[in-house]
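Residue indices begin at 1 and follow the sequence shown.
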Amino acid sequence: MVNAASILSILFFSLIFIYLFWGIEIIRLNPKSSINRVFLAFSIAMGIWSLGYSMSTSANSLETAMLWRRISAIGWTILYAIILHFFILLTNKDNKMKNKWLLVFLYVPAFINTTIFAFSTQLAQAQYNLMQFDYGWSNTKANNGWDWFFYFYYISYMAIGLVIVWKWKRRLENIKIVKKANLIIVSFCTAFILGSLVDIILGSLAKNPIPQLSPFFILFPTWAMYYSARNYGVMGQKNYKKEEIIVTDADQKIVFKNLAIAFFLGGTLNLLSGIIPFLIDDNSNLKRSLSRAGFLFIAGLCLMVFQRVRKKSIKEALTIIVLVLSIPFV
């Protein structure tokens with residue numbers, strides 16, 4: 001029977017693919033752009049955070065939950081330095097950070113927090129107070145000196161970053177870029193308030209804390225950055241000549257055709273794995289294997305059919321829906 005912890009783990013696991021998809025899509029637009037690379041680093045950090053929460057939430061033991069919480073810290077401790085780095089590049093005309101020492105200094109607090117909460121076994125264990133609830137393992141804050149150091153780091157970095165974007169917005173004349181700046185400011189402020197309220201304040205004060213959901217809240221500002229890049233031509237996006245395109249529409253059709261074949265083969269293997277034991281032992285669960293095989297066959301068939309849709313936006317949307325639905329199943 002699927003419980004709340006398993007469902008929450010699946011949802012966290014799905015976030016990994018969303019964040020990595022956005023990161024890979026942006027870096028594909030212009031791999032040489034510094035701001036595109038920083039956005040990719042941001043997406044990877046969020047993927048690590050989501051992975052750690054996914055595995056720790058439904059862990060079978062305290063030791064396993066602690067291990068994956070420390071892995072998740074690699075993502076959330078360095079994330080806010082990446083965000084400030086991104087804002088600095090975004091608001092510079094040439095999208096570059098000329099002072100390399102400033103860049104090193106920028107990441108020093110992040111690396112200190114990563115060492116404390118992730119890599120140092122003795123210190124890390126003192127930072128977590130993991131408790132198991134109906135929805136899985138959750139952490140109640142120790143609120144010691146290192147916790148307060150992290151609070152100061154992430155609050156100050158977010159405040160500085162938003163002030164930088166706000167001042168940059170006031171100098172802009174292009175209405176489209178002003179809208180992009182407003183979208184980023186509002187989405188980051190919303191995620192910052194919700195994340196602080198749920199993960200820190202309620203996590204410290206509430207007797208029965210709700211799950212820590214910051215990776216979900218940060219979906220909104222990540223989408224804002226991705227949307228800005230795709231629609232307003234920022235982050236070093238450039239116009240490509242036809243011969244410069246790495247993946248053409250024909251290539252995409254081949255990729256999804258092969259993926260559909262993989263679904264068909266997976267369905268066949270699931271079917272055989274149910275039929276053969278059933279022929280030997282009537283007590284084997286044939287119904288479960290048939291349902292698995294049926295889902296994979298339908299997913300593969302949908303991928304094949306959707307590639308024949310003429311309108312590109314509709315085709316991409318339908319394909320993404322099939323892939324997203326298949327993630328929790330796989």
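Both Leu89 and Leu172 are members of a single hydrophobic cluster when ILVMFWY side chains are connected at heavy-atom separations under 4.5 Å. Using a 4.5 Å cut-off between side-chain heavy atoms of Ile, Leu, Val, Met, Phe, Trp and Tyr, with links allowed through other members, Leu103 and Phe42 fall into the same hydrophobic cluster. Note on Tyr151: it clusters hydrophobically with Phe111, by side-chain heavy-atom contacts below 4.5 Å among ILVMFWY residues. Val163 and Ile193 fall into different hydrophobic clusters, where Ile, Leu, Val, Met, Phe, Trp and Tyr residues are linked whenever their side-chain heavy atoms come under 4.5 Å apart, directly or through other members.
For the pair Arg69 and Tyr53, the cation-pi test (distance below 6.0 Å, angle within 45°) is passed.
Applying the side chain to side chain contact (heavy atoms under 4.5 Å, CB included) criterion to Thr190, with sequence neighbours excluded, gives Val186, Leu194. Applying the side chain to side chain contact (heavy atoms under 4.5 Å, CB included) rule to Ile164 yields the partners Leu84, Ile88, Thr91, Ile160; only residues at least two apart in sequence or on another chain are considered. By the side chain to side chain contact (heavy atoms under 4.5 Å, CB included) test, Ile44 is found to be paired with Leu20, Leu40, Ile48, residues two or more places apart in sequence or in another chain being considered. With sequence neighbours excluded, the residues that form a ring pair (Phe, Tyr, Trp, His ring centres under 6.0 Å) with Tyr157 are Tyr153. With sequence neighbours left out, Thr64 forms a side-chain hydrogen bond (donor to acceptor under 3.5 Å, both in side chains) with Ser61. With sequence neighbours excluded, the residues forming a side chain to side chain contact (heavy atoms under 4.5 Å, CB included) with Ser9 are Ser54, Thr57, Ser58, listed by chain and number. Here Phe149 pairs with Trp146 under the ring pair (Phe, Tyr, Trp, His ring centres under 6.0 Å) rule; sequence neighbours left out. Under the side-chain hydrogen bond (donor to acceptor under 3.5 Å, both in side chains) criterion, Arg70 pairs with Thr121, not counting sequence neighbours. Trp137 pairs by the ring pair (Phe, Tyr, Trp, His ring centres under 6.0 Å) definition with nothing, not counting sequence neighbours.
Heavy atoms only, all atoms of each residue included: Ala59 and Ala65 are closest at CB-N, 3.6 Å. In this structure, Gly52 and Ser72 approach most closely via the heavy-atom pair CA-CB, 3.7 Å. Between Gln127 and Asp147, the shortest heavy-atom distance links the atoms OE1-N, 4.1 Å. Between Leu8 and Phe216 the shortest heavy-atom distance is CD1-CE1, 4.5 Å. Taking each heavy atom of Ile16 and Ser50 in turn, the nearest pair found is CG1-CB, 3.9 Å. Looking at every heavy atom in both residues, Ala224 comes nearest to Ser187 through CB-OG, 3.5 Å.
Residue pairs that meet the ring pair (Phe, Tyr, Trp, His ring centres under 6.0 Å) test with at least one member in residues 165-198, sequence neighbours left out, are Phe87-Phe188, Tyr154-Phe192. Sequence neighbours left out, the pairs with a member in residues 104-116 that pass side chain to side chain donor-acceptor pair (under 3.5 Å) are Thr77-Thr114, His85-Tyr107.
At least one donor-acceptor pair closer than 3.5 Å links the side chain of Asn139 to the backbone N or O of Asn129. The backbone N or O of Ile26 sits less than 3.5 Å from a side-chain atom of Asn36, completing a donor-acceptor pair. When atom types are taken as modelled, the side chain of Arg37 and the backbone of Pro31 share a donor-acceptor pair closer than 3.5 angstrom.
No more than 12 heavy atoms of other residues, nucleotides or ligands lie within 6.0 Å of CZ in Phe220, so this atom counts as exposed by the packing criterion.
At least one side-chain heavy atom of Met66 sits under 4.5 Å from a side-chain heavy atom of Leu130. By the 4.5 Å heavy-atom criterion applied to side chains, Cys189 and Leu162 are counted as neighbours. Ile184 places a side-chain heavy atom less than 4.5 Å from the side chain of Leu90. Using a 4.5 Å heavy-atom threshold, the side chains of Ile218 and Pro221 count as touching. Taking 4.5 Å as the limit, some side-chain heavy atom of Leu219 sits within range of a side-chain heavy atom of Trp22.
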> Between Phe119 and Ile74, does a side-chain contact (heavy atoms from CB on, under 4.5 Å) hold up when you go through it step by step?
Replying inline: CA-CA 9 Å; Phe119 295 134; Ile74 299 173; 4.0 Å; yes
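Between Trp49 and Trp76, the angle of the ring planes lies from 30° to 60°, which puts this pair in the tilted group.
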